[in-house]
Amino acid sequence: MDAKPSIAKSLAEATGLSETELLGYIETPPERAMGDYAFPCFRLAKALKKAPAAIAAELKEKLVLPAGIERADAAGGYLNFYADRADLARKAISRVLFEGDSYGGSDVGGGKNVCVEFSSINIAKAFHIGHLPTTAIGHALNRIYKALGYHTIAINHLGDWGTQFGKMLVAYKKWGEGKPIEGSTVRELVHLYVRFHEEAEKDDTLNAEARAWFRKIEEGDAEAVDLWQRMKDLTLKEDGEVYKLLGVSFDSYAGESFYEDKMQAIIDELDDKGLLVTDKGAKIVDLSAYDMPPCIIVKSDGATLYATRDLAAACYRKKTYDFVKSLYVVAYQQNLHFRQFFKVLELMGKDWVKNCEHVNFGMVSMEEGTLSTRHGNVVYLEDVLKASIEKTLEIIKEKSPDLENKQEAARAVGVGAIIWGVLYNSRIKDTSFSWAKVLNFDGETGPYAQYTHARCCSVLRKAGGYEKEGVDYSLLKEVSAAELIRAIAALPEAVKAAAEKNEPYLVARCAIDVASAFNKFYFECRILDEVPGVRAARLALTDAARQTIKNALYLLGLEAPERM
RNA sequence: GUUUCCGUAGCUCAGCCGGAUAGAGCGUCCGCCUCCUAAGCGGAAGGCCGCGAGUUCGAAUCUCGCCGGGAACGCCA
């Protein structure tokens, strides 16, 4: 479908230059009227000692046009190529319709394993909007890699260990009023946690008590472990509802506690390899040779740290899954941590660390200030999703009063709007949470893409089917149709690039391009009441647009309802 | 202070492995539903691409410096 290689071959024959070099020069003109491919002749000006415009004119005469290219025009220093539109349309549309739900993907992954660590919620803490980026990005990447033929392992690296559980136990025992954990809510636990910090300000002995209780958990004290496990169960059950709403699932919930018994081996290995140094009572790996602060492996009180657990987890994952890639979808605040931790793996001789990647993203802040579970300043993700669904339901009632299953459509669109909000920009951007922004469904939004999809479905439904064989694609001669075809054809490359850069927004932009192009096409061209040949061609194009939007949305973790 | 990321329209952002008049959405203003879903389409207004040098035939894009903002910087995760 991509004619660049054949153009490069023709150019190579005409100029005697390297085909691969020429291929790299071929670009896409900024406007459709300028053709489908462009070769800038400026690059040859020096070597050939001629003006670019003259080179373009000369090449135009000398060149033997490859198949699929109708003509070439010299324009300034550019040689513009015009593709055979009917050929392009036929190839693009039939490919989409043939591949169906798998269009956009490929089999390059060959079933090899990719680990994707994301979401990583904390037990007994709020599932708040700060967890949305990692959850949405990780989930999207999981689907994108799967679509490319990889076998993925979605890992929720639970924050289920540490002194905060000692604090939780103290608070629960002191102020929980004997209410069984199963009958409580995570929010109640969060209130207890907030209260602990308030009280501990006044009474420092509480902190000592908390440490003691955490020690009990570590030592396997029956009561302590039981309470901890029940808090964990409660959190997973409640957060499971949010995941269900989001359509997110995991293959592994191996969190911090899972690696408790796997860290000593790492510490020993570091020691054996002579990497461990004792400094100020702590065991560290010195990274000053790499302009980084040391990586602390064991604290002076003998306790392990985040880095120790991450080392154990990385080695465990390599051993268990033998991944070709291991992603960590974690906020950019931890950039240094990941650089240190990867460097330590490298020093340990784990050459596979080159396949580990920190997929970082920007912060979510509140217009009112920073998010903090400790201070009770949180916006629960569940509340955001519910508000979005509620607003969507109102819009549906107003715009589609006859729609059955309004609630179901509202859920798909309301949740989609929220997920989209995270995925339509590059990861690194910081975002500030605002209800107004989150609940705006106009323009480049998830609902817009979903709406366009539903519009396609509606047309196809009313058409009652069409003759898919022998469609005459040369009848799609409008500029708006050509633009739509180009947008549709762009998905596979977008998915590939999204995986290479771990940037789901590339797929989101592609979805918007198709939606926007379809809406223009839809406005300009009648579909159903056309003569049979044109009708069939336009329906096939509509069908391809529908499929492309659906697939792109799926890769991002959004549903594509057929009516809304 | 050091390291690092970011700085493009009033706002939110694409474009950044150099190339044709710098794009989109939101917001503002103006049009378009007797016709396939108006969550739509069209138009207008709105830009020293943070600033200054350098490299180049050509710089929003590459390099350096500066300014502004975020983040991290040894026993939290």
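All heavy atoms count here, side chains included; hydrogens, waters and symmetry mates do not. Order of the sequence lines fixes the chain letters, A, B, ..., with proteins taken first and strands second; residue numbering starts at 1 for each chain.
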For the [atom1] atoms, the ones on [N] and on [M], what distance do you get once it is rounded to whole angstrom?
N      : M      : atom1 : result
B:rC49 : B:rU8  : C1'   : 4 Å
B:rA24 : B:rG15 : P     : 15 Å
B:rC48 : B:rC57 : P     : 29 Å
B:rA20 : B:rU2  : P     : 38 Å
B:rG18 : B:rA60 : C1'   : 10 Å
B:rA9  : B:rU61 : P     : 15 Å
B:rU28 : B:rG10 : P     : 16 Å
B:rG47 : B:rG31 : P     : 24 Å

Closest listed nucleotide, where the reference is the side chain of [X] and the choices are [options]:
X        : options                : value
A:Arg455 : B:rA71, B:rG74, B:rA38 : B:rA38
A:Met34  : B:rG42, B:rU21, B:rG74 : B:rU21
A:Ser426 : B:rC36, B:rA14, B:rG40 : B:rA14
A:Tyr332 : B:rC5, B:rG74, B:rG70  : B:rG70
A:Asn519 : B:rC36, B:rG40, B:rA71 : B:rG40
A:Leu305 : B:rC41, B:rA77, B:rG74 : B:rA77
A:Asp442 : B:rC5, B:rU37, B:rG40  : B:rG40
A:Leu336 : B:rU37, B:rC36, B:rA72 : B:rA72
A:Tyr451 : B:rA72, B:rA38, B:rG74 : B:rA38
A:Val459 : B:rU37, B:rC5, B:rG40  : B:rU37

Does a side-chain N or O of [X] approach OP1 or OP2 of [N] to a distance below 4.0 Å, or not?
X        : N      : answer
A:Lys429 : B:rC5  : no
A:Lys437 : B:rC26 : no
A:Lys283 : B:rG74 : no
A:Tyr522 : B:rC35 : no
A:Arg309 : B:rA77 : yes
A:Tyr448 : B:rA24 : no

Under 3.5 Å side-chain donor-acceptor pair for [X] and [Y]:
X        : Y        : value
A:Tyr466 : A:Asp543 : yes
A:Asp430 : A:Tyr332 : yes
A:Asn425 : A:Arg509 : yes
A:Gln334 : A:Asn360 : no
A:Thr163 : A:Lys167 : no
A:Asn519 : A:Tyr448 : yes

Students often get this wrong, so: under 4.0 angstrom with heavy atoms, is [X] touching a base, only sugar-phosphate, or nothing?
X        : answer
A:Ala45  : nothing
A:Ile284 : base
A:Pro29  : base
A:Asp279 : base
A:Pro30  : base
A:Ala303 : nothing
A:Glu524 : nothing
A:Val413 : base
A:Arg509 : sugar-phosphate
A:Gln164 : nothing
A:Glu562 : base

[N] - base-pair partner by Watson-Crick or wobble geometry, distances under 3.5 Å:
N      : result
B:rC48 : none
B:rU34 : none
B:rC62 : B:rG54
B:rC13 : B:rG23
B:rC73 : B:rG1

Can you tell me how far [atom2] of [N] sits from [atom1] of [X], to the nearest Å?
X        : N      : atom1 : atom2 : answer
A:His337 : B:rU4  : NE2   : C1'   : 17 Å
A:Ile527 : B:rC35 : CD1   : C1'   : 13 Å
A:Asn425 : B:rC11 : CG    : P     : 16 Å
A:Asp430 : B:rG68 : CG    : P     : 19 Å
A:Tyr290 : B:rU4  : OH    : P     : 18 Å
A:Met292 : B:rC73 : CE    : P     : 14 Å
A:Ile26  : B:rC17 : CD1   : P     : 18 Å

Select from A:Ile428 and A:Pro293 the residue whose nearest nucleotide in RNA chain B is closer to the 5' end of that strand.
A:Ile428
For RNA chain B, whose closest nucleotide is more 5', that of A:Thr28 or that of A:Cys525?
A:Thr28
Any chance you could lay out the ring-ring contact (aromatic ring centres under 6.0 Å, His included) test for A:Tyr316 and A:Phe258, step after step, and finish with the verdict?
CA-CA 10 Å; A:Tyr316 174 84; A:Phe258 180 79; 5.0 Å; yes
Kindly indicate whether the side chain of A:Lys520 and the base of B:rG42 share any N or O donor-acceptor pair separated by less than 3.5 Å?
no
Would the base of B:rA20 count as contacting A:Asn80 through its side chain, where contact means a donor and an acceptor less than 3.5 Å apart?
yes
If the glycosidic angle is within 90 degrees of 0 it's syn, otherwise anti, so just tell me which one B:rC16 is.
anti
Within 45° of the axis and under 6.0 Å from the centre of the six-membered ring of A:Phe441, does NZ or CZ of A:Lys391 qualify?
yes
Cationic tip of A:Lys343 above A:Tyr290 ring, under 6.0 Å, 45° of axis:
yes
Output yes when A:Arg538 and A:Glu530 qualify as a salt bridge under the 4.0 Å nitrogen-oxygen rule, no when they do not.
yes
